[in-house]
S.K.: 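I have a structure I would like to understand better, so I am pasting it below and will then ask my questions one at a time.
Order of the sequence lines sets the chain letters (A, B, ...), proteins ahead of strands, with each chain counted from 1.
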Amino acid sequence: MKAIIETLLLETVSQMKQAGTLPADLEPRLQIDRTKDKSHGDFATNLAMMLAKPAKSNPRQLAQQIIELMPEHAAISKIEIAGPGFINFFINPDHLADQISQLLADEHASVQLAATPQTVVVDYSAPNVAKEMAVHHIRSTVIGDAVTRTLEFLGHKVVRANHIGDWGTQFGMLIAYLEIVQNEQASDMELSDLEAFYREAKKHYDEDEAFAERSRNYVVKLQGGDEYCQTMWRKLVDITMEQNQRNYDRLNVSLSDKDVMGESLYNDMLPAIVDDLAAQGLAVEDAGAMVVFLDEYKGKDGDAMGVIIRKKDGGYLYTTTDIACAKYRVAELGADRVLYFIDSRQAMHLQQAWTIARKAGYVPEQVSLEHCAFGMMLGKDGKPFKTRSGGTVKLVDLLDEAEERANALIAEKNQDLADDERAEIATAVAMAAVKYADLSKNRTTDYIFDWDNMLSFEGNTAPYLQYAYTRIQSIFRKAGVDGDSLTGSPQLNEAAEQALAQKLTQFSDVVNNVAAKTSPHLLCTYLYELAGQFMSFYEACPVNKDGVADDVRASRLLLCGATAKVLKLGLGLLGIATLARM
RNA sequence: GACCCCAUAGCUCAGCUGGAUAGAGCAUCUGCCUUCUAAGCAGACGGUCGCAGGUUCGAAUCCUGCUGGGGUCGCCA
């Protein structure tokens with residue numbers, strides 16, 4: 001719709017240039033907005049106000065000229081001037097009905113595939129080995145997954161990259177402790193509590209000198225490719241990822257073991273990278289370490305900041321890994337675009353690694369590297385979120401609590417459900433609520449973690465959206481129709497019908513925005529508004545009740561069908577399930 | 001010390017590239033279930049958009065300064 005108005009306006013502007021009303025070299029940037037207030041029509045442009053000065057005319061007068069010159073179009077029923085010079089456009093309901101008809105007929109609900117599909121590497125989740133996932137891991141995991149699904153829906157090739165923390169000096173200590181635990185249990189073991197495991201390993205390291213010595217020895221052996229250490233290390237990775245996978249499955253996150261590309265993947269590249277950077281004159285030796293000095297960044301003393309890429313003991317740092325990682329994603333994975341869903345605190349570190357990678361020629365200009373940063377999870381006191389005992393809240397505990405609350409609520413709301421169906425619904429509702437609480441917030445800012453907000457099932461929450469969907473399914477059941485196969489063009493007589501139809505046509509814009517801005521909360525806002533419009537329609541426009549004429553009923557069923565389709569697709573992009581009943 | 005981010009209703013958050021009367025949810029209050037599921041609907045209450053300047057037809061949005069909070073800054077990741 002915006003595109004139609006844009007075309008018409010462009011034509012008008014070029015006519016005005018020819019007529020000399022506007023300077024010939026003027027290239028105005030067209031801005032067409034949806035109106036907030038229905039009395040201002042459906043769309044508005046501020047074009048006349050922007051052009052008033054160059055045209056040496058007053059805005060309202062100019063608006064009048066624009067309207068007179070503008071070609072007619074069947075989609076627009078009325079054009080008005082309002083306020084200081086806004087031009088308001090009113091959409092013809094017949095055109096809107098056509099769009100609904102198209103949306104119903106299209107599997108993609110009128111969302112076009114990208115004109116130029118890209119290869120996009122999405123780096124998200126990235127839990128640490130030998131640590132249990134905590135609540136703050138939801139952010140990267142769930143937001144990254146939603147963007148991943150959205151990009152795929154738009155026809156891009158997406159490579160999921162789970163950049164797990166599977167390397168570093170702590171692995172000597174972990175291997176040494178795993179050895180002890182295994183000996184005690186005389187066989188392979190299940191690390192039921194990874195947090196405790198890590199704590200105990202650390203304790204041994206701090207208190208037992210022989211253990212610490214053995215740990216340091218294991219680090220060296222592991223890095224040297226020692227088979228025993230490699231095996232033990234692999235065991236730690238496998239046990240951790242097995243546990244993480246249970247969380248992914250439970251949360252309906254589309255990551256699997258084949259997406260694991262941890263830090264260790266780049267180890268073999270590191271020596272050559274340092275050599276190459278030195279050969280290119282980018283890295284120099286300083287106090288025994290290899291350092292890249294960047295003029296773009298200043299250190300504490302105000303001089304160019306030195307980024308260490310190899311320690312004086314020969315060890316590598318995570319900046320080196322991230323340089324290698326960027327190189328790998330371009331050279332091996334063929335990335336056109338790389339998205340990093342990582343904590344905002346890593347911003348400077350990533351910028352440095354990327355600056356070096358670009359200077360070294362590993363990442364060409366046209367490949368974009370984007371830090372899709374998110375803020376920290378804070379407690380109610382505004383400080384970094386911790387439990388009373390100072391630890392983190394386990395993700396599992398949050399999910400368990402969510403299911404318990406959902407189960408209790410459903411038992412109360414709907415007594416007709418069998419136990420197994422209720423449990424199934426409870427899982428879907430609970431996981432949806434937890435994910436949505438995170439997805440619906442702008443990812444860039446810090447946010448407050450609160451059990452009750454996170455586990456709410458009322459208002460702007462996933463269950464509200466799921467509920468809207470089940471209401472539609474219920475209407476289909478009662479009407480005896482298959483909601484997925486409805487086709488045709490609705491009549492849009494009531495205000496609630498028009499508002500709903502109009503909201504439905506915005507889906508495509510929103511999906512494209514989510515992909516461009518890597519912000520799923522835009523989709524959440526949209527789906528909430530859509531569900532809200534549907535709820536109003538549901539109250540105002542009965543479908544199956546007595547006294548509803550056949551043609552009206554058929555028309556309203558079409559609107560229900562289109563709404564169900566968009567809700568299901570939209571929630572699917574967020575990784576949230578829809579239900580037949582709840 | 002340098003650099004980056006943030007500040008919107010009692011609480012949690014939206015607010016797109018500057019646009020018309022700053023919006024939701026929660027909480028509080030008033031109505032609405034013999035009628036497609038009340039996890040809902042309709043409505044009320046609630047604001048010095050941190051403060052002060054500037055840019056302009058127009059600023060929560062852009063610029064400068066200030067205050068307050070958070071983060072980061074060579075041998076952890």
S.K.: When rounded to the nearest Å, what value does the distance between C1' atoms of B/A77 and B/U55 take?
M.R.: 45 Å
S.K.: Mind checking the C1' distance from B/C26 to B/G65? Whole angstroms is fine.
M.R.: 37 Å
S.K.: Can you tell whether the side chains of A/K359 and A/E296 come within less than 4.0 Å, N to carboxylate O?
M.R.: yes
S.K.: What's the gap between B/G23 and B/U48 when it is taken at their P atoms, as a whole Å value?
M.R.: 15 Å
S.K.: Once you apply a heavy-atom cut-off of 4.0 Å, does A/Y316 come out as touching a base, just sugar-phosphate, or nothing?
M.R.: sugar-phosphate
S.K.: Kindly indicate whether the side chain of A/V13, heavy atoms from C-beta on, has any atom under 4.5 Å from the side chain of A/I66.
M.R.: no
S.K.: For B/C33, decide between syn and anti, treating a glycosidic angle within 90° of 0 as syn.
M.R.: syn
S.K.: Is the distance between the ring centroids of A/W354 and A/Y340 under 6.0 Å?
M.R.: yes
S.K.: Between A/D322 and A/Y266, is there a side-chain donor-acceptor contact under 3.5 Å, judged purely by atom types and distance?
M.R.: no
S.K.: Classify the side chain of A/D452 versus the base of B/A27 as yes if they form a donor-acceptor pair under 3.5 Å and no if they do not.
M.R.: no
S.K.: Figure out the CG/C1' separation between A/D313 and B/C75, and round it to whole Å.
M.R.: 8 Å
S.K.: Looking at B/G71, B/A20, B/G74, which one has an atom nearest to any side-chain atom of A/D286?
M.R.: B/G74
S.K.: Could you go step by step and tell me if A/F171 and A/V129 meet the side chain to side chain contact (heavy atoms under 4.5 Å, CB included) rule?
M.R.: CA-CA 9 Å; A/F171 278 90; A/V129 166; 3.6 Å; yes
S.K.: Applying side chain to side chain donor-acceptor pair (under 3.5 Å) between A/T518 and each of A/R443, A/E370, A/H371, report the one that passes.
M.R.: A/R443
S.K.: Report, one pair per line, the protein and nucleotides 39-41 of chain B atoms (nitrogen or oxygen only) whose separation is under 3.5 Å.
M.R.:
residue : atom : partner : partner atom : Å
B/A39   : OP1  : A/Y467  : OH           : 3.4
B/A39   : OP2  : A/K413  : NZ           : 2.3
B/G40   : OP1  : A/G459  : N            : 3.1
B/G40   : O2'  : A/R471  : NH1          : 2.9
B/C41   : OP1  : A/Y464  : OH           : 2.7
B/C41   : O4'  : A/E539  : OE2          : 3.2

S.K.: Give A/R310 one of three labels, base, sugar-phosphate or nothing, depending on what nucleic acid heavy atoms sit under 4.0 Å from its own.
M.R.: nothing
S.K.: Give one of base, sugar-phosphate or nothing for A/D37, where a contact means two heavy atoms less than 4.0 Å apart.
M.R.: base
S.K.: Just checking A/H521: base, sugar-phosphate only, or nothing, at a heavy-atom cut-off of under 4.0 Å?
M.R.: sugar-phosphate
S.K.: Side chains of A/F86 and A/P59: closer than 4.5 Å at any heavy-atom pair?
M.R.: no
S.K.: Mind checking if A/N88 touches a base, just sugar-phosphate, or nothing, with heavy atoms under 4.0 Å?
M.R.: base
S.K.: For A/A347, report the nucleic acid contact type (base, sugar-phosphate, nothing); a contact means any heavy atom under 4.0 Å.
M.R.: nothing
S.K.: Roughly how many Å is it from CG in A/L317 to P in B/C73, rounded to a whole number?
M.R.: 13 Å
S.K.: Applying a 4.0 Å non-hydrogen cut-off, can you work out what A/G165 is touching in the nucleic acid: base, sugar-phosphate, or nothing?
M.R.: nothing
S.K.: Testing the 3.5 Å rule here: is there a donor-acceptor pair between the side chains of A/D37 and A/S39?
M.R.: yes
S.K.: Check the chi torsion on B/G74 and let me know: syn if it falls within 90° of 0, anti if not.
M.R.: syn
S.K.: Verify the contact: side-chain N or O of A/K311 to OP1 or OP2 of B/C76, cut-off strictly under 4.0 Å; return yes or no.
M.R.: yes
S.K.: Roughly, in whole Å, what's the span from CD in A/Q352 to P in B/C3?
M.R.: 16 Å
S.K.: By the 4.0 Å heavy-atom rule, please label A/V543 as base, sugar-phosphate, or nothing.
M.R.: base
S.K.: Expressed in angstrom and rounded to an integer, what is the separation of A/L455 atom CG from B/C26 atom P?
M.R.: 16 Å
S.K.: Identify all pairs in which a protein N or O lies below 3.5 Å from an N or O of nucleotides 10-13 of chain B, and state each distance.
M.R.:
residue : atom : partner : partner atom : Å
B/C13   : OP1  : A/I448  : N            : 2.5

S.K.: Taking for each residue the nucleotide of RNA chain B with the nearest heavy atom, is it A/G83 or A/L522 whose nucleotide lies nearer the 5' end?
M.R.: A/L522
S.K.: Please convert RNA chain B into dot-bracket. A pair counts if it is Watson-Crick or G-U wobble with both distances under 3.5 Å; crossing pairs go in [ ] and bases paired with another strand get |.
M.R.: (((((((..((((.....[...)))).(((((.......))))).....(((((..]....))))))))))))....
S.K.: For B/C63 and B/A7, measure between their P atoms and round to the nearest Å.
M.R.: 14 Å
S.K.: For a quick test of reading the model: is some side-chain N or O of A/K517 closer than 4.0 Å to OP1 or OP2 of B/C16?
M.R.: no
S.K.: Pick the P atom in B/A39 and in B/G19, then give their distance to the nearest Å.
M.R.: 38 Å
S.K.: Describe the nucleic acid contact of A/M49 in one word from base, sugar-phosphate, nothing, applying a heavy-atom distance below 4.0 Å.
M.R.: base
S.K.: For A/A468 versus A/F534, what's the shortest heavy-atom pair and its separation?
M.R.: O-CE2, 3.9 Å
S.K.: Which part of the nucleic acid does A/A287 contact within heavy-atom distance under 4.0 Å: base, sugar-phosphate only, or nothing?
M.R.: base
S.K.: I'd like to know whether CG of A/D550 has more than 12 heavy-atom contacts from other residues, nucleotides or ligands below 6.0 angstrom.
M.R.: no
S.K.: Is the distance between the ring centroids of A/H136 and A/F449 under 6.0 Å?
M.R.: no
S.K.: Pick the closest RNA chain B nucleotide for A/A44 and for A/G288 by heavy atoms, then say which residue is nearer the 5' end.
M.R.: A/A44
S.K.: Rounding to a whole Å, what distance do you find between A/Q170:CD and B/A77:P?
M.R.: 8 Å
S.K.: Just the rounded figure in Å: distance from P of B/U72 to NE2 of A/H371.
M.R.: 13 Å
S.K.: Looking for any heavy atom pair under 4.0 Å, which part of the strands does A/A82 touch: base, sugar-phosphate only, or nothing?
M.R.: base
S.K.: At under 4.0 Å, does any side-chain N or O of A/H163 touch on OP1 or OP2 of B/A77?
M.R.: no
S.K.: Between A/F374 and A/F341 (judged by ring centroids, cut-off 6.0 Å), do the two rings come close enough to count as a pair?
M.R.: no
S.K.: State whether the aromatic ring of A/F86 stacks on the base of B/A20, taking stacking to mean ring centres under 5.5 Å apart and ring planes under 30° to each other.
M.R.: yes
S.K.: If I take atom CD1 in residue A/I323 and atom C1' in nucleotide B/G74, what distance separates them, rounded to the nearest angstrom?
M.R.: 13 Å
S.K.: Contact class for A/K478 vs. all strands (heavy atom < 4.0 Å): base, sugar-phosphate, or nothing?
M.R.: sugar-phosphate
S.K.: Do NZ/NE/NH1/NH2 and the carboxylate oxygens of A/R34 and A/D509 come within less than 4.0 Å?
M.R.: yes
S.K.: Give a yes or no on whether a donor-acceptor pair under 3.5 Å exists between the nucleobase atoms of B/G19, that is its base, and the side chain of A/N46.
M.R.: yes
S.K.: For the P atoms, the ones on B/U61 and on B/G18, what distance do you get once it is rounded to whole angstrom?
M.R.: 11 Å
S.K.: Mind checking the C1' distance from B/G43 to B/A24? Whole angstroms is fine.
M.R.: 16 Å
S.K.: Hey, are A/N460 and A/Y436 close enough side-chain-wise for a donor-acceptor pair under 3.5 Å?
M.R.: yes
S.K.: Are A/T169 and A/R216 linked by a side-chain donor-acceptor pair shorter than 3.5 Å?
M.R.: no
S.K.: If you measure from the C1' atom in B/A22 to the same atom in B/C49, how many Å do you get, rounded?
M.R.: 8 Å
S.K.: Starting at CG of A/L378 and ending at C1' of B/C5, how long is that distance when rounded to a whole Å?
M.R.: 13 Å
S.K.: With a 4.0 Å cut-off on N to O distance, would you call A/R405 and A/E401 a salt bridge?
M.R.: yes
